[in-house]
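Scroll down for the structure; my scribbles are underneath it.
What you see is a predicted model, and the numbers here were worked out from it, not measured in a lab.
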Amino acid sequence: MKKRVIAALLASLLVAGLMSACTSKEENAAPDVVKENPKTAEVDLSSNDESVPVTLNEVAHSIFYAPQYVAIEEGYFEEEGIDLTLVTGFGADKVMTAVLSGEADIGFMGSESSIYTYQEGANDVIVNFAQLTQRAGNFLVAREEMSDFKWEDLIGKDVLGGRKGGMPEMVFEYILRQNNINPSDVNIDQSIDFGSTAAAFSGGQGEFTVEFEPSATALEAEGAGHVVASLGVDSGYVPYTAYSAKSSFIKENPEIIQKFTNALQKGMDYVRNHTPEEIAEVIAPQFKETDLETITTIVKRYYEQDTWKENLIFEQKSFELLQDILESSGELKERVPYSDLVTTEYAEKAAK
C-alpha cells in the first residue's frame, strides 16, 4: 500500500511539474514552503545572528527519538542558526509525501521509503544523511504475563502488526524468520491504522500486539497487556530511522544540512553522557500528556537496549542489512546503490 501511495504521488508530481504543494492540509500539517525559497546555499549560517527556517516532518512523536528532542529542548538547533518547525506526519508514507511535495525540507522516517521512491523512478532522489536509531523501537505485548516467552508461541495466534512494507512489520517478520517461523503461520492483522493498534488491543482485538512507546507501557499501566519481548533486542542492530531530504535540497543547502546534523549530534552526545533520569527531565516538555515517571521508565528501556548510535553515520553494512530485510519481505525489486541513497559527509563532520 505504501509503495502504491508513493508511486501515485510521484506520478502526480511529475505530471504537475512539481509546481505546487498540497492545497489542503490537516490542522497539524507543515506550513507551505515559500516558493521563492530563501533556504539556499547563499544563506550565511556561520553567524548565529540570523537563523533560517527549516521544516522537519517526523514519522511519529515518540520517546524513541529522545536525542532529537534533547537537541530541541537544549537549544542546539538555535545554536546552529536553525529555526526549526517540527511536524508529525503519522506514518512514513505521509512524511515522504511532505518531502516530495516540498511541504517539508527534511523527513525523519524509515529509510525503506527512500528505496521505494528510488525504485519508482524518482528524478529528485531522496538521500539519507543521518541515522538516529540503530535498533527497532517497538515491543511485543501479550494479554498475559509470559516470563518464558518464545517466538514459537506466536504460531497460530492473532497478532496486531504494522502496515505491509513498513519497518515495524518487516522487522517483526524478519525476527520470525530468524526463529525459523514462516510469517504466514502467524495470523497477522495489518489492517489497523498506525497508532490505533493499542486502542484496538485494549478493546479486545488480537492476542498479541506490536507497539511503540508510550503505548506499550500504557497498556501495562492499565492492565490490558504485558511486554514479553523487545523487537529491538531480538532483531539486532537495524537502521530503523534516519533523516533524509531531496538530493536537490541537499545540493543547494549544504550549510543547512551540516548545521542540522551538528545539532542532532549534540543531542546524541547529551544522551550518551547523561542518565535516563536526566534525559527524561529534558524531553518531558515534548510529552506533556505523559508523567515524568513513565517517561523515565521508557527512556531507561530504550537506553539499556542500546537504541541510539554514538554518531549519525549511516554505514553501508547497515544499509545492506536494511535491503536484506526488504528482500526477505518481498518488498525489494532489486538492490539499490548505497552511494545513490546515502551520504555520510555531514554526519562525519558533525562527529569530529
Side-chain angles (χ1 to χ4, degrees), residues 13 18-22 25 28-59 61 65-89 94-109 114 124-132 241-270 282-283 285-286 311-314 342-352:
L13 287 175
L18 294 175
M19 295 179 63
S20 64
C22 297
K25 303 178 181 61
N28 66 344
D32 286 332
V33 175
V34 180
K35 291 183 180 179
E36 294 293 332
N37 196 338
K39 292 173 285 190
T40 68
E42 298 177 358
V43 176
D44 183 9
L45 291 182
S46 60
S47 169
N48 289 335
D49 294 336
E50 182 181 5
S51 61
V52 61
V54 173
T55 298
L56 168 65
N57 195 306
E58 61 177 0
V59 65
H61 198 70
Y65 311 129
Q68 171 181 284
Y69 306 124
V70 167
I72 292 172
E73 294 299 324
E74 288 294 288
Y76 297 149
F77 286 104
E78 294 174 2
E79 289 178 6
E80 293 291 337
I82 290 177
D83 179 12
L84 188 70
T85 295
L86 181 65
V87 178
T88 303
K94 296 179 178 63
V95 176
M96 183 57 76
T97 296
V99 174
L100 288 170
S101 68
E103 276 189 53
D105 304 304
I106 296 171
F108 179 51
M109 59 191 141
S114 65
D124 201 348
V125 176
I126 303 301
V127 176
N128 301 281
F129 62 86
Q131 179 191 336
L132 186 76
T241 41
Y243 296 88
S244 58
K246 288 191 288 190
S247 57
S248 62
F249 183 86
I250 295 175
K251 183 178 180 180
E252 295 165 7
N253 304 282
E255 189 83 7
I256 292 176
I257 296 296
Q258 187 63 66
K259 295 291 188 178
F260 182 92
T261 308
N262 292 347
L264 287 174
Q265 183 63 57
K266 292 178 183 179
M268 300 284 274
D269 294 341
Y270 184 100
V282 169
I283 68 173
Q286 289 283 327
N311 55 54
L312 296 155
I313 300 171
F314 196 156
V342 178
T343 177
T344 61
E345 173 186 351
Y346 307 99
E348 288 172 353
K349 289 180 181 178
K352 292 181 179 178

* To do: Would you mind reporting whether Phe108 and Leu86 have side-chain heavy atoms less than 4.5 Å apart?
  => no
* Asked: Considering all heavy atoms of both residues, which atom of Ala350 and which atom of Gln265 are nearest to each other, and what is their separation?
  -> O-CG, 3.4 Å
* To do: Using the six-membered ring wherever Trp is involved, compare the ring planes of Tyr346 and Phe129 and label them parallel, tilted or perpendicular (cut-offs 30° and 60°).
  => perpendicular
* To do: Measure the shortest side-chain to side-chain distance between Lys246 and Val99 over non-hydrogen atoms and say whether it is less than 4.5 angstrom.
  => yes
* Side chain to side chain, Ile126 and Leu100, heavy atoms closer than 4.5 Å -> yes
* To do: Can you sort out the partners of Gln131 under side-chain hydrogen bond (donor to acceptor under 3.5 Å, both in side chains), two or more places apart, ordered by chain and number?
  => none
* To do: Taking the side chain as every heavy atom from C-beta outward, state whether Leu132 and Pro67 have any pair of such atoms under 4.5 Å apart.
  => yes
* Asked: For the ring pair Tyr270 and Tyr76, is the centre-to-centre distance below 6.0 Å?
  -> no
* State, to 0.1 Å, how close Leu264 and Phe77 come at their nearest heavy-atom pair, and which atoms those are. => CD2-CZ, 3.9 Å
* **Considering all heavy atoms, the nearest Gln68-Leu56 contact** => OE1-CD2, 3.6 Å
* Structure fact -> d(Ile257 CD1, Asn262 CG) to nearest 0.5 Å is 11.0 Å
* Asked: Looking only at heavy atoms, what is the nearest atom pair of Gly89 and Val95, with distance?
  -> CA-CG2, 4.2 Å
* Asked: Rounded to the nearest 0.5 Å, how far does CZ of Phe260 lie from CG of Leu84?
  -> 6.0 Å
* To do: Quick one: closest heavy-atom pair of Thr88 and Asn57, and the distance?
  => C-OD1, 4.0 Å
* Beyond-backbone contact of Glu348 with Ile313, side-chain heavy atoms, under 4.5 angstrom -> yes
* Closest approach of Ile82 and Ile256, non-hydrogen atoms and distance? -> CD1-O, 3.9 Å
* Asked: Would you say Thr261 and Tyr243 make side-chain contact, with heavy atoms under 4.5 Å?
  -> no
* Asked: Salt bridge or not for Glu345 and Lys349, using N-O below 4.0 Å?
  -> yes
* Decide yes or no for Ser244 and Met109: does some side-chain heavy atom of the first lie under 4.5 Å from some side-chain heavy atom of the second? => yes
* Structure fact -> When rounded to the nearest 0.5 Å, the distance separating CD1 of Ile283 from CD of Glu73 is 9.0 Å
* Asked: With a 4.5 Å heavy-atom cut-off, do Glu255 and Val52 have their side chains touching?
  -> no
